[in-house]
Amino acid sequence: MGEPQTGIFTQIGPHHHYLEFTIDDGVKTATLKSTLRDIHAAALHDTQTLVIAFGRDLHSRLSNGNAPEELRDFTEIQGIDGISAPATQRDIWFWIQGPTPDINLDVAMRISNALNGTARLDLEVLGYAYHGNRDLIGFVDGTANPKTDEDQRNAALVPNSTGGSFLLTQKWKHDLKAFNALDVSQQEAIVGRTKEDDIELEGDAMPADSHVSRTDAKEDGIALKLWRRSSPYGNVAENGLYFVAFACNIRRFDVQLNRMYGVTDDGLHDQLIHYSKAVSGAYWYVPGASELSEILS
Ligand code: HEM
């Protein structure tokens, strides 16, 4: 089994800088590879990590058609009662993680300058830690993430692979005014955990359409665990969550998203969607560490 790119599991945070680029038409593959090689080889601060991922078309182009078979572009989800998740698939994803936003910005600037004339920056999100591991809705996020190294790797990495991983990113925009107008007990029923103490609701207290009920999914008795590394972003005027999750296959994302959006036979959907809307959505492949060096060579 190859080693993954280190940033996937290294939790140095608390600042995150995410960039999504689309490659310009007509750019030569050799030019692109050499630019990406330089970006990949450039020194980082020793407390920083950089993770690089590719959309299907670009990965296939860089790897001479050897993209993983199940890798595909994210497509719009048309859910129940008019709810939907947009698709905004792009070509390259960068995630810079570090202790302060200034050194992350330096790397983001360097990447953007290097790609000038080669790719267009379509999405930039600056994430941060909010009161420990809380989302801006005030609930702890990440509690049900796998705990041990082994469980994290099993959830996130393609089995017996080069250390590669599938990735879902979605920028979610909160309606905090509406969410915060609810009683805490109503908020807890929407999330499926208590707000202050982060305890999972049990028995009759746990609604079948809470966020946890819709995402805590099993298939053939196997829990479809993800390795989530999302972070809150934004300010008073606009804010939300940049959802980032790694998985050993794309099906895990599909199952959870379908359950969230009510693309299931039970007629239920995730109540959180009424207080936060996805405004971007993309699937990526994150090559393992040496696999990345190889496809850029
Ligand atoms: C606005 C967007 C979202 C917010 C604010 C949010 C927030 C939360 C919170 C507060 C929890 C409970 C604590 C925890 O275990 O982490 C949670 C659990 C979880 N969420 Fe989300 N989430 C969002 C979107 C998503 C999406 C898009 C997915 C999957 C595609 C997802 C998958 C999960 C999973 C797998 C769990 C753990 C369920 C369990 O096993 O208990 N979340 N989320």
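Indexing begins at 1, ligand by ligand and atom by atom, following the structure's order. Since the structure is predicted, the reported quantities are computational estimates derived from the model, not experimental observations.
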Quick check on contacts: which atoms of ligand 1 are under 4.0 angstrom from a heavy atom of [X]?
| X | answer |
| --- | --- |
| Val212 | 41 (O) |
| Thr215 | 19 (C), 20 (N), 31 (C), 32 (C), 33 (C), 34 (C), 35 (C), 36 (C), 38 (C) |
| Lys225 | 40 (O) |
| Arg193 | 12 (C), 13 (C) |
| Phe139 | 10 (C) |
| Gln256 | 29 (C), 30 (C), 32 (C), 35 (C) |
| Leu257 | 30 (C) |
| Gln170 | 27 (C) |

For [atom], what is the nearest protein heavy atom, given as residue, atom name and distance?
| atom | answer |
| --- | --- |
| atom 16 (O) of ligand 1 | Gly142 N, 2.5 Å |
| atom 37 (C) of ligand 1 | Arg228 NH2, 3.3 Å |
| atom 9 (C) of ligand 1 | Asp141 OD1, 3.8 Å |
| atom 39 (C) of ligand 1 | Ala144 CB, 3.5 Å |
| atom 8 (C) of ligand 1 | His211 CD2, 3.4 Å |

Have a look at ligand 1 and work out which part of [X], if any, has a heavy atom under 4.0 Å from it: side chain, backbone, both or neither.
| X | answer |
| --- | --- |
| Asn145 | neither |
| Leu241 | side chain |
| Ser276 | side chain |
| Asp135 | side chain |

Judged by heavy atoms only, the candidate from Leu272, Val140, Ile190 nearest atom 10 (C) of ligand 1 is Val140

Just go through Thr143, Asn133, Asp216, Asp198 and tell me whose heavy atom is the nearest to atom 14 (C) of ligand 1.
-> Thr143

Hey, is [X] close enough to [Y] for a salt bridge, meaning N to O under 4.0 Å?
| X | Y | value |
| --- | --- | --- |
| Asp266 | Arg214 | yes |
| Arg120 | Asp122 | yes |
| Arg72 | Asp254 | yes |
| Glu200 | Arg193 | yes |

Under a heavy-atom criterion of less than 4.0 Å, does Phe243 contact ligand 1?
-> yes

Output field: ring centroids [X]/[Y] closer than 6.0 Å:
| X | Y | result |
| --- | --- | --- |
| His274 | His269 | yes |
| Tyr283 | Phe253 | yes |
| Tyr285 | Phe54 | no |

Checking side chain to side chain contact (heavy atoms under 4.5 Å, CB included) against Tyr275, which of Ile137, Leu182, Val191 comes through?
-> Leu182

Main-chain N/O of Ala178 paired with Asp175 side-chain donor or acceptor, under 3.5 Å | yes

Quick one: closest heavy-atom pair of Trp95 and Ile8, and the distance?
-> CZ3-CA, 4.1 Å

Check whether NZ of the Lys or CZ of the Arg Lys171 lies under 6.0 Å from the centre of the six-membered ring of Tyr233 and within 45 degrees of that ring's axis.
-> yes

Carefully, step by step, assess Arg252 and Glu219 under the rule salt bridge (charged side-chain N to carboxylate O under 4.0 Å, His left out).
-> CA-CA 9 Å; Arg252 292 194 175 190; Glu219 219 174 38; over 6 Å; no

